[in-house]
Amino acid sequence: MTPPLNSTLNSSVTSAAALVADPATGRGLLRFLTCGSVDDGKSTLIGRLLHDAGLVPDDQLEQARRDSRGRVETEGDIDVSLLVDGLEAEREQGITIDVAHRFFATGQRSFIVADTPGHEQYTRNMATAASTASLAVLLADARKGLLTQTRRHAIVCSLMGIRHVVLAVNKMDLAGGDEAVFNAIARDFQSFAEPLGFRSVTAIPLSARRGDNVVHPSDAMPWYTGPTLLAHLETAEVGDERTADGPLRFLVEWVNRPDPDFRGLSGTVLSGSLAPGDAVTVWPSGRPARIARVLTFEGDAARAATGDAVTVTLEDAVDAGRGDLLSHPGDAPEVADQFAAHLLWMAEDPLMPGRSYLLRAGSRWVPATVTTLRHALNVETLEHTAAQTLELNAVGLCNLSTAAPLAFDPYTANRDTGSFILVDRYTNRTVGAGMIQHPLRRAANLHPQELAVSAAERADLKRQRPAVLWFTGLSGAGKSTVANRVERLLHALGHHTMMLDGDNVRLGLNRDLGFTDADRVENVRRVGEVAKLMTDAGLIVLCAFIAPFRAEREAVRALLPESAFLEVFVDTPLEECVRRDPKGLYAKARSGALKNFTGVDSPYEPPIAPELRLDTAAEDADALARRVVEELRRRGIAGA
């Protein structure tokens with residue numbers, strides 16, 4: 001998983017030397033996060049813990065005391081949330097926006113805590129923090145019980161591999177310290193969380209504002225005899241999933257070539273260990289190799305263990321590069337280009353099955369498509385529900401297909417090799433976080449077939465250079481009219497062509513698709529694959545489709561060799577298209593009889609840099625067709 005997005009690292013009184021395993025207890029550094037719904041008191045809880053444990057420097061304490069004037073009920077009190085909320089906007093609004101990390105240590109253990117925002121629109125920040133944590137402190141307001149965001153955060157914690165949860169029932173002072181209130185919330189959560197696979201759930205009643213059961217036991221709740229929050233954190237046995245005993249996973253992050261005589265693979269040992277002389281396998285290629293040297297900043301090392309960043313050299317000249325995984329021969333990862341994964345959707349725009357995104361796994365980037373949304377997860381009931389898309393903060397189980405095989409482990413076995421992010425190809429924004437479940441059996445049963453006749457040989461036989469001309473524009477712009485006349489001119493020149501028209505394709509190949517955004521994405525994806533096959537046959541393919549989204553048009557471009565895709569934007573103004581209305585569709589759409597019509601109630605994203613821009617309102621179709629053919633001649637696609 002990539003590092004937390006927009007995280008704020010706060011300083012601590014604890015030195016770096018304290019962040020090690022305690023020799024007396026053997027307990028190592030504990031990474032945990034606080035999460036839950038908005039206003040449940042997460043920042044106040046962490047601030048109270050630091051304050052009451054004596055872990056706040058005097059100058060920071062005094063600054064918090066000054067900033068607290070006018071913000072707290074009792075004169076002289078400190079708003080302990082200010083010890084964590086570092087952004088000015090957070091202090092002004094009294095909310096957490098970003099993830100704030102704090103480093104501290106007690107006599108028993110060292111800690112890194114991530115204080116995460118509770119607002120729904122910042123769920124992505126909470127998820128990235130959860131990806132590196134071993135324990136979650138999930139807050140619930142004693143007056144409100146479990147809210148939707150409380151349940152959502154519990155689900156995200158489970159999906160991100162957290163197996164230990166503290167249910168901190170906060171604001172017990174405002175609920176009169178009522179044991180029955182606490183027990184009811186604890187029972188509700190135990191029932192809800194049972195399918196989530198947590199190994200331990202510990203419920204603690206507390207008041208972060210007053211400090212009850214945070215560091216010191218509360219006199220106000222004598223019925224509670226369990227540990228305080230800090231005592232539990234100091235003694236929690238959470239284990240370490242990344243151990244030297246696990247299978248070797250060395251992620252290549254950079255190929256180190258300082259001079260022509262040295263080639264090293266720089267990266268991190270995600271699990272296991274390696275040493276000079278070890279036999280390894282490079283994945284996803286499956287090529288065998290042997291470690292020659294292990295290099296650190298100080299020089300050669302006898303061994304590299306989990307967490308070490310090193311450079312290794314191989315005895316033989318084996319092709320290995322950025323994003324590859326090294327394993328020992330007997331502990332291979334999964335290798336597949338199709339797999340099932342849980343996906344947390346993080347974007348305002350919904351998931352589009354069939355759309356091509358960029359997937360980053362480790363340091364490898366590869367185009368990927370959600371081929372099937374198997375189900376969405378109801379955050380209130382944990383029921384699996386049928387869905388065609390995922391909205392912001394929704395969770396679903398998906399099948400994904402990648403343009404090249406990936407080497408991975410199931411997320412439950414290895415967080416580092418089993419996680420990925422999805423990035424929008426057009427905006428470069430992270431839109432989803434994924435946790436791989438397992439490879440799909442179909443991926444192992446499919447193998448590319450070597451063909452006796454190549455695409456180049458087919459093109460040579462036709463004495464032409466194959467290409468795709470993609471005519472895009474609004475309905476009524478004149479795409480099919482111009483494309484038809486271009487094909488007629490090419491045919492007269494002796495070229496082998498095929499025209500794919502939007503309506504014709506929907507009458508056959510894509511007759512099962514409607515006009516929702518998701519169906520439009522799938523419509524263009526299928527046509528792109530067909531057009532690619534036709535170029536392999538040596539044809540010049542003319543596609544006349546609205547294709548309203550830039551991402552899908554660029555995905556078709558990516559299927560083809562460089563310079564084999566020409567985007568022809570038939571840039572006819574909407575007013576002119578409405579005036580023409582050759583099929584009566586604009587009239588139906590504006591009357592409400594036709595939904596999801598591009599230009600009326602569904603968006604059209606015009607090309608930014610098309611190879612050709614045509615205006616059928618300014619020139620006639622024959623003149624525009626001649627312009628297209630002249631451009632094809634100039635590019636060497638069409639002959640004289």
Side-chain angles (χ1 to χ4, degrees), residues 7-15 18 32-107 110-119 137-143 166 168-177 204-221 227-234:
S7 60
T8 303
L9 300 180
N10 293 328
S11 61
S12 170
V13 295
T14 307
S15 67
F32 72 99
L33 80 156
T34 57
C35 56
S37 191
V38 64
D39 292 332
D40 282 350
K42 296 176 290 297
S43 298
T44 301
L45 177 62
I46 297 305
R48 175 60 64 188
L49 188 153
L50 296 172
H51 177 273
D52 289 6
L55 299 173
V56 183
D58 290 342
D59 57 343
Q60 188 179 356
L61 200 61
E62 182 55 35
Q63 181 62 50
R65 183 173 285 110
R66 289 195 297 269
D67 293 343
S68 298
R69 291 168 186 162
R71 293 173 55 98
V72 293
E73 297 176 3
T74 306
E75 185 178 353
D77 275 357
I78 296 177
D79 184 350
V80 291
S81 71
L82 298 179
L83 300 174
V84 183
D85 286 337
L87 300 179
E88 183 176 355
E90 294 178 331
R91 291 174 175 240
E92 289 176 351
Q93 299 178 53
I95 63 172
T96 299
I97 297 173
D98 210 342
V99 178
H101 287 79
R102 287 298 298 254
F103 304 79
F104 66 96
T106 67
S110 302
F111 303 89
I112 299 177
V113 56
D115 179 34
T116 67
H119 284 74
V137 177
L138 179 65
L139 278 81
D141 189 323
R143 301 166 301 171
V166 174
V169 182
N170 192 23
K171 304 185 182 182
M172 285 296 297
D173 54 318
L174 301 181
I204 300 177
L206 51 84
S207 168
R209 187 176 67 88
R210 294 174 44 176
D212 294 333
N213 290 331
V214 179
V215 173
H216 306 295
S218 170
D219 294 333
M221 291 175 277
T228 64
L229 175 62
L230 180 59
H232 178 75
L233 295 176
E234 288 179 327

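- Remark: Asp212 CG to Leu229 CG distance equals 12.5 Å, nearest 0.5 Å.
- In terms of heavy-atom proximity, Ala53 sits nearest to Val215 at N-CG2, 4.1 Å.
- To the nearest 0.5 Å, atom OG of residue Ser43 and atom CZ of residue Arg48 are 13.5 Å apart.
- Residues Asp39 and Asp141 share a closest heavy-atom pair of O-OD2, 4.5 Å.
- In this structure, the separation between OG on Ser218 and CD1 on Ile204 is 12.5 Å, given to the nearest 0.5 Å.
- You'll find the side chain of Leu230 reaches within 4.5 Å of the side chain of Leu49, heavy atoms only.
- His101 is listed as a side-chain neighbour of Ile112, based on a closest heavy-atom distance under 4.5 Å.
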Leu206 and Leu45: CA distance, side-chain angles, deciding distance, side-chain contact (heavy atoms from CB on, under 4.5 Å) verdict | CA-CA 9 Å; Leu206 51 84; Leu45 177 62; 4.1 Å; yes
Please step through side-chain contact (heavy atoms from CB on, under 4.5 Å) for the pair Arg102 and Phe111, ending with a clear verdict.
-> CA-CA 8 Å; Arg102 287 298 298 254; Phe111 303 89; over 6 Å; no
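- Counting only heavy atoms from C-beta outward, the side chains of Pro205 and Asn213 approach each other to under 4.5 Å.
- Between Met172 and Ala142 the shortest heavy-atom distance is SD-CB, 3.7 Å.
- Taking every heavy atom of both residues into account, Gly41 and Asn170 meet most closely at CA-ND2, 3.8 Å.
- Rounded to the nearest 0.5 Å, atoms CZ (Arg210) and OG1 (Thr44) are 14.5 Å apart.
- Closest approach of Lys42 to Ser37, counting heavy atoms only: NZ-O, 2.7 Å.
- Here the shortest heavy-atom pairing between Leu139 and Thr34 reads CD1-CB, 4.3 Å.
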